[in-house]
Amino acid sequence: MMENKILGLHHITAIAGNAQRNFDFYTKILGLRLVKKTVNFDDPGTYHFYFGDESGTPGTILTFFPWANVKPGKNGAGMATDIGYSVPAGSLDFWKIRFVQNNVAHDEVEERFGEQLLSFRDPDGLHLHLVVSKKTDNRQSWQTPEINNDVAIKGFHSVTLTLKDIKATAAVLISILGYKPAGQENNRHRFTTDAIGSANTIDLLLSPDENPGINAAGTNHHIAFRVKDENVLMQYREKVVKAGLRITEKIDRNYFFSLYFREPGGVLFEIATDNPGFSIDEPVNELGEHLKLPEQYEAHRRQIEKVLPVIDQG
Ligand code: ZN
């Protein structure tokens, strides 16, 4: 791990509809752990769920804002349109059967860049796939009674961005974020960073005729890149500013510190730190069990709990 570099993906954030359905799909069907149950810091009447491995290691975290009455969104240009999760070799048969048994919309197994993958949609229509990485992925998975280590999701493999033109986005990946071109299949252009061994792949899908997407249920809101700490975070802020792009000030997200900027292709990028992590306000063995609120909302806990739907986590 090269400590002053972008260390692949930190998290991806998407929009969901019904909160219980979202919780059930990601914890029960996919076997991820809810590592944090908090609220949208900009809209505390809405949950913010974080799903990942045991401790919520960066590179495993998919987060959702579940909005009960949100309209369905639509993938399109200027969005992150597909999320790839790394799974063990030999596990795709297990997943295909599981998807059939649980009525999960999915496709046939296909091959991309010499790797087998199984595409599927979550209950809101979010596009994801499971992929068996050519490179050994030694990350330790979260396990459930139904999903053991031989088949369990290890964390992100990659994310796909759909773009009308890839040049300016590729330049951001290469000259600011330290990625390198890693091949092309049809209109799919792959970029990887060797600063870390997993969650280190971004695919740019060149789609000149694609309409802009609609960012609502079943679509991604932003992707976050990972850095070690705030010192490295602020070094990247300088690089983004020097490239002439607008970027936010450092924002305290309780579990990490963040910067946000929109890359030229329209996708919202975030850079987020490893510190302080999800165990800052509850022990690792209790992650996700309690509604955690940032300090500014703690005084309003009773009202917030009244507004939020009750989630059955059994
Ligand atoms: Zn984020």
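What you see is a predicted model, and the numbers here were worked out from it, not measured in a lab. We count ligands from 1, going down the list as the structure has it; atoms in each ligand are counted the same way.
A pairwise comparison of heavy atoms in Trp95 and Ile147 identifies CH2-CD1, 3.8 Å as the closest pair.
Within 6.0 Å of CG on Asn69 lie no more than 12 heavy atoms contributed by other residues, nucleotides or ligands. In Glu295, the CD atom is not crowded: 12 or fewer heavy atoms of neighbouring residues, nucleotides or ligands sit closer than 6.0 Å. Few gaps surround NZ on Lys164; more than 12 heavy atoms of other groups in view lie less than 6.0 Å from it.
Under the 4.5 Å side-chain contact rule for hydrophobic residues, Met79 and Ile202 do not share a cluster.
The aromatic rings of Phe256 and Tyr50 sit perpendicular, their planes meeting at an angle over 60°, well past the 30° parallel limit.
Counting only protein N, O or S atoms, the number found under 2.8 Å from the Zn ion (ligand 1) is 3.
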